[in-house]
Amino acid sequence: MSMIAIDQVSKWYGTFQVLTDCTTHVNKGEVVVVCGPSGSGKSTLIRCVNALEAIQQGTIVVNGMALTDPKTNLSRLRSHVGMVFQNFELFPHMSVTDNLTIGQIKVLGRPPDEAVARGLKMLERVGLKAQAGKYPGALSGGQQQRVAIARALAMDPICMLFDEPTSALDPEMVNEVLDVMVELATEGMTMMCVTHEMGFARKVADRVIFMDQGRIIEDAAKEDFFGTPRSERAQLFLSKILKH
Amino acid sequence: MYEFDFSSIPGALPILGAGLLVTLKLTGVAIVVGIVWGTLLALARLSGNRLLGTMAAGYVNLFRAVPLVMVILWFYLIVPTLLKDWAGLGQGTDIRMASALVAFALFESAYYAEIIRAGVRSVPQGQVNAARALGMTYTQTMRLVVLPQALRNMLPLLLTQAIILFQDTSLVYVIGLADFFGAAYKVGDRDGRLVELLLFAGAVYFVLCFGASLLVRRLQKRIAV
């Protein structure tokens, strides 16, 4: 069964169409990388998956629950879907530990001591246990993003969405974040990642989706995508970003 | 040359003290009610609900477009009738105090609403998305993530507004309520020492307000880190 099923999704901002007839499925345990030029709608698409953005046409079903069904409790669904943002979005007025536990306590209703234990375990996993008492402002970008990943993992997500997780990072910090993501992928986490890191895609992706102008142009197994991309636009895109 | 004579001040301190208490009470009530009611008005304007938003905007624009003195007078003329009709309050109630409290609270909330609205809008949308992505409801997102950050951003403005309010309460002289300024005026008038009393009152206002604004500046530096 598909963990994430996106079917014929279209979305408009006013009269401007940002997504056109997008269809793709992500199976349990699969790692799918979404790439494409800026403005292609890839970030919008991934935000639609946990209903941070509304869609006007089509259906998105996550773990059997349809987002467009008025009976679906969107807050509860989101609590099971981990999301990592380009700008980290840690809560600056809370310590790292509070960032890791607030969702567990307020949303999942976990007892605070259990939430702290779980949060610290995740923090250790991303290699930042020593930073538990600090505030996000005192951490580097790479560290903040790793804490953000730990915050999402502490909620025991059924799948993870990454929205350009390394785009706002200084180059020397990209790898520490990618390492965590690679580890997650090899452990079997279902992941949908919007990213330009083709090295990451080559290493762990099962499939690569290429988007342009709000459409899914290519949706292929990794080997096929990097071997012989069928569309001209995907070839052009790859030649541009793989040049260096 | 005019000869200053401050000798009537020591004896008048109890009256002046009572006046200062009235001033502080007006300021305190207006701040508390103003912030609570102002937060609701701000959330109504930010809610995206057209009816609520328009009503809140109408309220804010109305109160911000009329002079405070006029509002105080209006309420002095209206509130007694309402209180007698609805609350059945006896003649012992101080109508001037009650109407001034209502006027200041409603007037100030319009200003607080705008400060709070700007504060909420200063919190990036990404923070809202992150809170929502964790599964928080709208109320949780506001209470746990947005408002605490907004409050930090708007604290200096809120306090500055409170200082202005503290000075503005002197306008209740138009309805004969003996706040600090009113008390000073009465004593000066009684003893023929108006200049001295008003100088003294001015000095007290200056010390309190300037002291408070120094505190605000220090606070501003501390949260800016």
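No experiment lies behind these values; they were computed from the predicted model shown. Letters A, B, ... mirror the listed sequences (proteins, then strands); counts begin at 1. All values below come from the heavy atoms of this structure, side chains included, with hydrogens, waters and symmetry mates left out.
- Residue A/Phe16 places its CZ atom among 12 or fewer non-hydrogen atoms of other residues, nucleotides or ligands, all under 6.0 Å distant.
- Residue B/Arg132 holds its CZ atom at 5.5 Å from OG of A/Ser75, rounded to the nearest 0.5 Å.
- A distance of 11.5 Å separates CE of A/Met83 from CG of B/Leu134, quoted to the nearest 0.5 Å.
- Residues of residues 131-170 of chain A that come within less than 4.5 angstrom of chain B, heavy atom to heavy atom, are A/Arg151, A/Met155 in numerical order.
- Nearest heavy atom pair, residue A/Pro92 against residue B/Gln149, reads CG-OE1, 3.3 Å.
- Using a 4.5 Å cut-off between heavy atoms, A/Phe85 contacts chain B through its side chain alone, with no backbone atom that close.
- Distance check, rounded to the nearest 0.5 Å: CZ of A/Arg76 to OG1 of B/Thr137 gives 12.0 Å.
- No more than 12 heavy-atom neighbours from other residues, nucleotides or ligands sit within 6.0 angstrom of OH on B/Tyr185.
- Within a 6.0 Å radius of OH in B/Tyr205, other residues, nucleotides and ligands contribute more than 12 heavy atoms.
- Enclosure of atom CZ in B/Arg121 is not indicated, since only 12 or fewer non-hydrogen atoms of other residues, nucleotides or ligands lie within 6.0 angstrom.
- Residue contact with chain B, scored on non-hydrogen atoms closer than 4.5 Å, is absent for A/Asn87.
- The parts of B/Gln127 that come within reach of chain A are both its backbone and its side chain, each placing non-hydrogen atoms under 4.5 angstrom from that chain.
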Task: B/Leu144 and A/Lys106: CA distance, side-chain angles, deciding distance, side chain to side chain contact (heavy atoms under 4.5 Å, CB included) verdict - done: CA-CA 9 Å; B/Leu144 301 170; A/Lys106 301 288 180 183; 3.6 Å; yes
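- The two residues A/Asn50 and B/Ala133 come nearest to each other via the heavy atoms ND2-CB, 3.9 Å.
- Only the backbone of A/Leu90 comes within contact range of chain B, judged by heavy atoms closer than 4.5 Å.
- Looking at every heavy atom in both residues, B/Val145 comes nearest to A/His93 through O-CE1, 3.7 Å.
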